[in-house]
Each structure stands twice: as C-alpha cells, then as structure tokens.
**Student:** 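Have a look at the structure that comes next, please.
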Amino acid sequence: MADREGLTGIVTKVLGGFFFVYHEGRIYRCVARGRLRRRDREAGVRTSQIVPGDRVRFAPLSLQEGVIEQTLPRRRELSRPLHGDPDRLQVIAANVDQACVVFAARAPDPEPHAIDRFLALAEASGLGHLLCFNKCDLADVSPLSTLYERAGYRVLRTSTRTGEGLDALRRALSGHLTVIAGPSGVGKSSLVNALAPQARRTVGEVGRRGRGRHTTTTAELLPVGADAFVVDTPGVQVLELVHLDPNTVRRAFLEIREVGTQCAFADCRHRQEPGCAVRRAVLEGRIAGSRYDSYLTLLAEAEEGERRRYR
Ligand code: GDP
Ligand code: ZN
C-alpha cells in the first residue's frame, strides 16, 4: 500500500515533533522528511510551520506511522498576532473555509446584536453565512430564525438532547474545515461530541480552556464525518481575530450589502445620505431594525478604530 506516490492526507495535530495526518478514517503519526525540515529552516520558518489543516503527501510506514514528503499549497491561513505583536503573525490553522455561528434557543438566551456581530465577523473573514440555533428542545426560535433566513443566512436548528437537526448540521459541515464560533454555554462542545463522539471535547469545560495553557498551543482538527473537520482552537475565539474596518462592515451584513447596491452613492454608509436604499428598506420593514442597529454600532466602532489608528 505504501506505493511510491504516497498518500494525500490532512494534518490534524502537531505535537512533540510529530504531525498527525488523517487519511480515510485513519490517523498516521508522521515525521517530516529531513529535506523538508531543512528547506523550512533555510526559508527562516520552523518545521512546526506545518499546521493543522495543511494538506500533505506522505508515505505510510505502517497503519499508524508515516513520513511527510511534501506539503501542498495552502488555500488560506488563519493567523493571530504572536505575543500580541500585530506585525508577527502565527498561523494557527490552514485551509479553514467555513464558520458555523452557534447560539442557543435559550439558556443563554440569544441576543440579536451578539448574533449579528459573530455573523459579520464570519462574513468579513470570507467564512460564509451559516447560523445554528442549538438547544431547540428548550424554546421556539422561529421568529429569530425567520429573521436571519430572510436576511440571506442559512439557518439550522439543532438539539443535542433530541437529535433534531444533527443530520442537517452534518451535511452542512461535509466537505469543509469549519470553525465553530459562538458564546460559551450554547452547546458547541456538545454538538461536536454529538457528531463525533470520539472527538472527546469536554462539555462545560470551554470557559476554563486556554487558562494556564501556553499561548502558542496550536489548533487541532476533529474529524466529524468522512470529509469534514471542525477546528478546535484552545483559548482562541477565532472570529475575534478579524479586523473590521468601515468598508468591511458595509459588506458584512448580507441584506444590507445587497440593498446597498441601490443607494444613490456607491460609498453610502447608510446613515443620513440622500437616496439611501438601505434606510428606505428599514423604514419599509424589509430590513430588520435590529440588524440595522447592529450595523450602525459596528460601523461606529470601526470608524472609531480607524480614527485611533491614524491619529
Ligand atoms: P459550549 O460552551 O458552547 O461548548 O457549551 P457546552 O457544550 O459545554 O454545553 C453547555 C451546557 O448546555 C451543557 O450543560 C450541555 O449539557 C447543555 N446543552 C448542550 N446542548 C444542549 C441542547 O441541545 N439542549 C439542552 N437542553 N442543553 C444542551
Ligand atoms: Zn445607503
């Protein structure tokens, strides 16, 4: 089986000099070929720069072990400032292509402004527009889910108690490398456990994660299906790493972006400008007032951030 061509796998974890590589339901503990390490060192990067999410070519040595021969080009990177220095970025995962924003139907009760903030950050990162209301056994979220569906988001309703919506969630994650985002206590770990019991995320432990841990702990991919992974980033709320500037905010609300194409001015910020199609849509009830309020709040924050930077 260890033909000369090797296999293509995806790195799920980097630990103690080993790279754990997933291929067809199996995880191989791999080392990187010496040549690869040297080239990395010459390029001024550490070998540990192979990160979870990287796709690699590797030669299996047994059913548990292998050697990475080659890393494949990254489509995208998820980074954070190293030691708080915005000029030095640490890549924590590669090829993440979707966010799933999770809120609870209740306990904690969903707050529209918090939902909008998470969705805007996801959109600004190019991670799509998937929203999941969990704990649907506790309350009816129809009004909220209709609001977001009408705005253009894909809305799922789940319950890890009854199993409602878990198949739909599985389908939504299939073929993607997804970050699960949302406030604590909404059931993110429970959802991952429900999809992949072997992923052994600790329910109720998230609030404690990251504390006392070394800040350079990298992400880990948890397989949640045949071709689906969620990214577990200890102590890092991935979407908080996103920077919002005013132009990004203008594009980060799906329905506001769409209606905004009809404003009189191309650079309309949808406040008091004449001929603003967004304000008209809000007045006519086609855009929800809560969404518009969230937009104005995020826009003001982004403008304030910009003023501080250029001062
Ligand atoms: P996280 O902080 O978002 O990862 O949330 P957890 O997965 O730790 O769950 C927080 C609490 O909500 C735990 O007590 C879970 O048992 C509970 N929980 C998770 N999913 C559901 C659900 O679908 N329905 C109900 N009623 N409780 C849930
Ligand atoms: Zn406008």
Side-chain angles (χ1 to χ4, degrees), residues 99-111 114-115 118 131-141 145 156-170 178-197 199-211 220 222 224 230-240 246-247 249-284 286-287 289 291-293 295-296 298-300 303:
C100 178
V101 171
V102 182
F103 275 77
R106 57 159 307 197
D109 292 349
E111 246 192 87
I115 299 175
F118 272 101
L131 172 62
C132 172
F133 287 108
N134 186 43
K135 306 198 191 185
C136 278
D137 53 298
L138 296 181
D140 176 21
V141 282
S145 66
L156 301 177
R157 304 185 208 189
T158 58
S159 166
T160 62
R161 291 286 148 82
T162 66
E164 174 191 352
L166 293 182
D167 283 339
L169 178 60
R170 208 172 262 119
T178 305
V179 290
I180 309 271
S184 76
V186 297
K188 298 182 298 298
S189 315
S190 306
L191 284 170
V192 172
N193 283 343
L195 296 180
R200 43 167 184 78
R201 251 198 144 195
T202 326
V203 172
E205 287 279 324
V206 169
R208 264 166 282 165
R209 297 174 74 85
R211 201 181 295 170
E220 177 171 355
L222 308 173
V224 290
V230 299
V231 192
D232 196 15
T233 50
V236 188
Q237 279 274 21
V238 165
L239 294 183
E240 314 266 294
N247 262 325
V249 174
R250 288 175 59 239
R251 287 192 302 268
F253 288 69
L254 290 184
E255 75 283 43
I256 291 178
R257 178 172 73 203
E258 192 185 313
V259 174
T261 59
Q262 294 151 28
C263 294
F265 299 104
D267 60 352
C268 186
R269 288 192 177 179
H270 321 311
R271 283 192 179 108
Q272 305 292 344
E273 293 93 335
C276 175
V278 169
R279 274 186 65 83
R280 200 184 324 128
V282 174
L283 292 173
E284 291 170 4
R286 283 178 286 121
I287 289 179
R291 293 278 294 163
Y292 183 58
D293 289 346
Y295 163 78
L296 291 178
L298 287 190
L299 182 64
E303 288 169 343

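From a predicted model like this one, the values you see are computed outputs, not experimental measurements. Whatever order the structure lists ligands and atoms in, that order sets their numbers, starting from 1.
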**Student:** How does Leu191 reach ligand 1, if at all, at less than 4.0 Å between non-hydrogen atoms: by side chain, backbone, both, or neither?
**Tutor:**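 Near ligand 1, Leu191 shows nothing, with every heavy atom at 4.0 Å or more.
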
**Student:** Give me the ring orientation class for Phe253 and Tyr295: parallel if the planes are under 30° apart, tilted from 30 to 60°, perpendicular past 60°.
**Tutor:**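 It falls in the perpendicular class, over 60°.
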
**Student:** Do any N/O atoms on Leu138 end up under 3.5 angstrom from N/O atoms on ligand 1?
**Tutor:**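 No, no N or O pair falls under 3.5 Å.
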
**Student:** Looking only at non-hydrogen atoms, which of Lys188, Lys135, Arg106 approaches atom 3 (O) of ligand 1 most closely?
**Tutor:** Lys188

**Student:** Supply the atom-to-atom distance Leu138 CG to Phe133 CZ, rounded to the nearest 0.5 angstrom.
**Tutor:** 14.0 Å

**Student:** Under 3.5 Å, side chain of Asp137 to main-chain N/O of Thr162, donor-acceptor pair present?
**Tutor:**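 Between the backbone of Thr162 and the side chain of Asp137 there is no qualifying donor-acceptor contact (under 3.5 Å).
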
**Student:** Could you say whether the N/O atoms of Ser189 and ligand 1 ever approach to under 3.5 Å?
**Tutor:** yes

**Student:** Does Tyr292 reach the main-chain N or O of His270 with its side chain, forming a donor-acceptor pair under 3.5 Å?
**Tutor:**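 Confirmed, Tyr292 side chain pairs with His270 backbone.
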
**Student:** Give, rounded to 10 degrees, the angle between SG (Cys276) and SG (Cys263) as seen from the Zn ion (ligand 2).
**Tutor:**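 Between SG of Cys276 and SG of Cys263, the angle at the Zn ion (ligand 2) is about 110°.
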
**Student:** Evaluate the criterion side-chain contact (heavy atoms from CB on, under 4.5 Å) for residue pair Ile180 and Val102; output intermediate values, then yes/no.
**Tutor:** CA-CA 7 Å; Ile180 309 271; Val102 182; 3.7 Å; yes

**Student:** At a 4.0 Å threshold, what atoms of ligand 1 neighbour a non-hydrogen atom of Gly187?
**Tutor:** 1 (P), 3 (O), 5 (O), 6 (P), 7 (O), 9 (O), 19 (C)

**Student:** Among Asn193, Val102, Thr160, which residue places a heavy atom closest to atom 21 (C) of ligand 1?
**Tutor:** Thr160

**Student:** Any atoms of ligand 1 less than 4.0 Å from a non-hydrogen atom of Ser159? List them with their elements.
**Tutor:**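 In order of numbering, the contacting atoms are 23 (O).
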
**Student:** When you compare ligand 1 with Cys136, is there at least one nitrogen or oxygen pair between them that comes in under 3.5 angstrom?
**Tutor:** no

**Student:** Backbone N or O of Cys268 within a donor-acceptor pair of the Arg250 side chain at under 3.5 Å?
**Tutor:**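 It does hold such a pair.
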
**Student:** Give a yes or no answer on whether the side chain of Lys188 reaches the backbone of Gly182 with a donor-acceptor pair at less than 3.5 Å.
**Tutor:** yes

**Student:** Rounded to 10°, how big is the angle at the Zn ion (ligand 2) from Cys268 SG to His270 ND1?
**Tutor:** 100°

**Student:** For the backbone of Arg271 and the side chain of Glu273, can you confirm whether one donor and one acceptor N or O come within less than 3.5 Å of each other?
**Tutor:** yes

**Student:** Which ligand 1 atoms, with their elements, are less than 4.0 angstrom from a heavy-atom of Asp137?
**Tutor:**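 Within the 4.0 Å cut-off of Asp137, ligand 1 contributes 22 (C), 23 (O), 24 (N), 25 (C), 26 (N).
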
